[in-house]
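So you know, we letter chains A, B, ... as the sequences are listed, proteins then strands, and number each from 1.
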Protein chains: 2
Amino acid sequence: MARLVDVIEDMIKEMIDENNGIATINRSALAEQANCVPSQITYVLSTRFSSGQGYIVESRRGGGGQITVTRVDFLNKFEYLKEMIDAIGDAVTQQQARILLEGAVSAGAITKRDAIIIMSAVSDRALGLVETETRSKVRARIMKNLLLALISE
Amino acid sequence: MARLVDVIEDMIKEMIDENNGIATINRSALAEQANCVPSQITYVLSTRFSSGQGYIVESRRGGGGQITVTRVDFLNKFEYLKEMIDAIGDAVTQQQARILLEGAVSAGAITKRDAIIIMSAVSDRALGLVETETRSKVRARIMKNLLLALISE
DNA sequence: ACACTTTGACTTTCTTTGACAATTAGATTA
DNA sequence: TAATCTAATTGTCAAAGAAAGTCAAAGTGT
């Protein structure tokens with residue numbers, strides 16, 4: 001028979017998958033669903049969802065309390081940004097920049113906020129004073145610097 | 001079910017938003033609206049609108065008494081960034097940019113992280129391809145765009 | 001034998017409620 | 001006018017309620 005820990009682990013992972021990388025758990029409700037005591041959930045969380053395993057677990061006690069489990073993918077994020085920097089290369093147009101940033105957001109590599117910030121720095125409006133011949137090159141350079149700053153922080 | 005505290009917190013924040021950063025509250029009326037005892041309002045105020053969270057709460061008892069909640073952080077931040085944009089003007093050197101950003105961080109107007117990001121976009125390294133005569137002007141333009149993006153987010 | 005699971009009693013934290021106290025503006029009275 | 005009363009407000013505090021956390025003892029599988 002499958003071990004309880006495994007059952008619960010799967011349940012939580014499924015919740016995470018179904019919900020964009022974030023599961024919001026009501027401990028006692030989940031315990032009831034899995035037919036076990038609430039502290040079992042705590043046990044699974046601490047043995048299978050540690051930060052070393054790529055998860056962030058936050059919780060609140062008291063009325064309306066809850067546990068949230070977030071899956072973070074540092075490696076992928078890092079890889080993604082590196083590839084993005086490659087893709088930018090020596091020059092990038094405003095359109096290309098926008099597309100790259102949108103892709104990064106939906107891949108979860110950067111936040112929407114950061115995308116907006118970066119876009120505001122490399123828009124044609126921001127770079128209006130740069131001659132059109134070099135503009136795409138300047139844009140590429142700024143954008144790569146911004147992405148590197150995001151990575152190494 | 002949504003927590004009562006959260007509901008009330010949102011109600012108050014909405015009032016603040018709708019009214020220029022200042023909410024004037026009648027405790028018992030708000031309690032009735034939220035379907036709770038008046039002291040619940042007091043509880044929310046003390047746990048969610050402390051000065052550490054950027055709010056000033058003042059009150060008066062007795063006939064015609066009331067509670068006012070003022071948001072300070074956002075206003076100050078906003079003002080600070082506006083002045084910063086003024087200070088940048090048409091042109092700004094790398095040194096000046098760094099000093100302005102450090103000031104903004106210690107004033108709490110922007111986070112250290114954002115300062116690093118902005119600096120990475122306006123450093124001489126990022127703007128290396130821009131001719132030296134126009135570089136300070138380009139830098140000013142990018143920096144102002146970035147700050148505006150921060151403000152309006 | 002050992003490491004890992006499962007259970008449950010007890011603890012800690014946060015929220016909700018209600019009774020009672022303090023304060024104030026305005027009306028009433030001496 | 002000055003003092004007093006009254007009604008309208010907010011403040012305080014402790015108890016009850018609603019989660020999640022801890023830890024040690026008992027159970028299981030290899």
Enquirer: Should A:Leu30 and A:Val37 be counted in the same cluster of Ile, Leu, Val, Met, Phe, Trp and Tyr side chains packed under 4.5 Å apart?
Expert: no

Enquirer: By the 4.0 Å heavy-atom rule, please label A:Gly65 as base, sugar-phosphate, or nothing.
Expert: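 Touches sugar-phosphate only.
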
Enquirer: Could you tell me how far apart A:Arg3 (CZ) and C:dA3 (C1') are, to the nearest whole angstrom?
Expert: 11 Å

Enquirer: Would you please confirm or rule out a distance under 4.0 Å between OP1 or OP2 of D:dT9 and any side-chain N or O of B:Ser59?
Expert: no

Enquirer: Between B:Asp6 and B:Lys13, is there a side-chain N and carboxylate O pair less than 4.0 Å apart?
Expert: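 Looking at B:Lys13 together with B:Asp6, the answer is no, because their closest N to O distance does not fall below 4.0 Å.
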
Enquirer: Just how far, in rounded Å, is P of D:dT9 from CD of B:Glu32?
Expert: 12 Å

Enquirer: Pick base, sugar-phosphate or nothing for B:Val37, based on heavy-atom distances below 4.0 Å to the nucleic acid.
Expert: base

Enquirer: Taking all heavy atoms of B:Ala140 and all of B:Gly89, pick out the closest pair and write down the distance.
Expert: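 Looking at all heavy atoms of both residues, the shortest contact is CB-O, 3.8 Å.
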
Enquirer: Could you tell me the separation between the CD1 atom of B:Ile8 and the P atom of C:dC14, rounded to a whole number of Å?
Expert: 18 Å

Enquirer: In plain terms, say whether B:Asp90 and B:Arg141 are close enough for a salt bridge, that is, a side-chain N and a carboxylate O under 4.0 Å apart.
Expert: no

Enquirer: Let's see if you get this right: which residues in residues 38-45 of chain B place a heavy atom under 4.0 Å from DNA chain D?
Expert: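 Output list: B:Ser39, B:Thr42.
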
Enquirer: Checking only heavy atoms, does the side chain of A:Arg61 share a donor-acceptor pair with the base of C:dT12 at less than 3.5 Å?
Expert: yes

Enquirer: Testing B:Leu45, B:Ile12, B:Thr24, B:Asn26 for side-chain contact (heavy atoms from CB on, under 4.5 Å) with B:Ile67, which one passes?
Expert: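 The residue from B:Leu45, B:Ile12, B:Thr24, B:Asn26 that satisfies side-chain contact (heavy atoms from CB on, under 4.5 Å) with B:Ile67 turns out to be B:Leu45.
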
Enquirer: Compare side-chain N and O positions of A:Arg60 against OP1 and OP2 of C:dT15 and report whether any pair is under 4.0 Å apart.
Expert: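 Yes, such a contact exists.
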
Enquirer: Round to a whole Å and report the spacing from CD of A:Glu9 to C1' of C:dT6.
Expert: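 Between C1' of C:dT6 and CD of A:Glu9: 16 Å.
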
Enquirer: Just to be sure I understand the rule, does A:Gly62 reach a base, reach only the sugar-phosphate, or reach nothing, if contact means heavy atoms closer than 4.0 Å?
Expert: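 Base, at least one base heavy atom under 4.0 Å.
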
Enquirer: When you check the phosphate oxygens OP1 and OP2 of D:dT10, does a side-chain N or O of B:Asn26 lie under 4.0 Å from one of them?
Expert: yes

Enquirer: So does B:Arg27 get a side-chain nitrogen or oxygen closer than 4.0 Å to the phosphate oxygens (OP1/OP2) of D:dT9?
Expert: no

Enquirer: Hydrogens and angles aside, do A:Thr134 and A:Glu131 bring a side-chain donor and acceptor to less than 3.5 Å of each other?
Expert: no

